[in-house]
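Model, not experiment: these values are computed from the prediction.
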Amino acid sequence: MVLDLRGCNDDGSLINIFDYLRTKPEHFGILTQADFSQPRKFCILDNIINISYKFAGRNNPTAYKGQVVVLINEYTQSAAELWAMIFKKVPKVIFVGRETAGADGNKTCIKLTDGNELIFQDWAFIIQMVM
């Protein structure tokens, strides 16, 4: 099975593929959020996207046992990088391509006194590939 994440894919339905690739559901990530009422404090949210995406996979004793290959490159960014991180939970997955854009991160919003918001995107290099 070959999956192409070379591009920005924010289609939440991709989470359903893990029902066929995992033998049991697995919690795949948490989200942190700054608490601006208490400097230096971060809160941990229970899910990374929304509650329906808290787990990847389902109880499936007949999960796909074949090879899974995921294509990535510098155009893999944002939600597609999140999908790539979740694919790392699939047994024996192989990533082919180049390092991702490193554009998967939390957004930090600061409300300004005039009602506007200042939004920062936290950048992190997610997947580094060795060809």
Side-chain angles (χ1 to χ4, degrees):
M1 178 184 304
V2 178
L3 296 136
D4 191 350
L5 295 180
R6 295 173 298 174
C8 184
N9 179 341
D10 61 0
D11 181 5
S13 66
L14 188 58
I15 193 81
N16 295 325
I17 197 165
F18 297 101
D19 291 350
Y20 304 98
L21 299 177
R22 304 270 318 143
T23 56
K24 63 182 181 179
E26 187 168 352
H27 189 251
F28 63 84
I30 59 171
L31 180 66
T32 58
Q33 179 176 310
D35 180 350
F36 290 107
S37 67
Q38 299 180 49
R40 298 185 307 266
K41 181 179 179 186
F42 283 82
C43 302
I44 296 175
L45 304 179
D46 194 27
N47 51 284
I48 200 162
I49 304 173
N50 66 43
I51 198 67
S52 64
Y53 297 159
K54 181 175 177 178
F55 293 94
R58 63 179 168 90
N59 288 320
N60 181 8
T62 60
Y64 179 72
K65 305 249 188 297
Q67 187 65 62
V68 178
V69 177
V70 179
L71 305 177
I72 60 171
N73 66 10
E74 65 274 11
Y75 297 108
T76 304
Q77 54 186 286
S78 194
E81 287 176 303
L82 174 64
W83 300 126
M85 288 186 286
I86 300 170
F87 273 110
K88 290 175 88 174
K89 299 274 189 173
V90 174
K92 300 185 220 168
V93 67
I94 295 175
F95 289 91
V96 175
R98 294 182 298 278
E99 186 176 300
T100 66
D104 178 50
N106 299 339
K107 291 180 183 173
T108 301
C109 300
I110 299 174
K111 294 192 184 288
L112 302 175
T113 56
D114 64 359
N116 288 315
E117 287 185 330
L118 188 58
I119 301 173
F120 295 94
Q121 175 75 38
D122 302 331
W123 301 93
F125 286 102
I126 304 304
I127 298 175
Q128 294 180 0
M129 301 305 304
V130 176
M131 295 298 293

Determine, using ring centers only, whether Phe18 and Phe87 are less than 6.0 Å apart.
-> yes
Validation row: Thr23, Asn60 side chains within 4.5 angstrom (heavy atoms) |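 Result no, sub-4.5 Å side-chain heavy-atom pair not found.
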Test Val70 against every option in Val2, Val96, Val93 by the side-chain contact (heavy atoms from CB on, under 4.5 Å) rule and name the one that passes.
->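 Between Val70 and the candidates, side-chain contact (heavy atoms from CB on, under 4.5 Å) is satisfied uniquely by Val93.
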Hey, could you give me the [atom1]/[atom2] distance between [X] and [Y], rounded to the nearest 0.5 Å?
{"X": "Tyr75", "Y": "Asp4", "atom1": "OH", "atom2": "CG", "value": "13.5 Å"}
{"X": "Thr76", "Y": "Arg6", "atom1": "OG1", "atom2": "CZ", "value": "8.0 Å"}
{"X": "Asp114", "Y": "Leu112", "atom1": "CG", "atom2": "CG", "value": "5.5 Å"}
{"X": "Lys65", "Y": "Leu21", "atom1": "NZ", "atom2": "CG", "value": "10.5 Å"}
{"X": "Leu3", "Y": "Leu71", "atom1": "CG", "atom2": "CG", "value": "8.0 Å"}

More than 12 heavy atoms from other groups under 6.0 Å of NZ on Lys92 | no
Nearest atoms (heavy-atom pairs only) where Arg22 meets Pro91 = NH1-CD, 3.9 Å
Polar contact flag, side-chain donor to acceptor under 3.5 angstrom, Thr100-Glu81 = yes
Measure from NZ or CZ of Arg58 to the centre of the six-membered ring of Tyr20, then state whether that distance is under 6.0 Å and the direction lies within 45° of the axis.
->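 Judged by the rule (NZ or CZ under 6.0 Å from the ring centre, within 45° of its axis), Arg58 counts as positioned above Tyr20.
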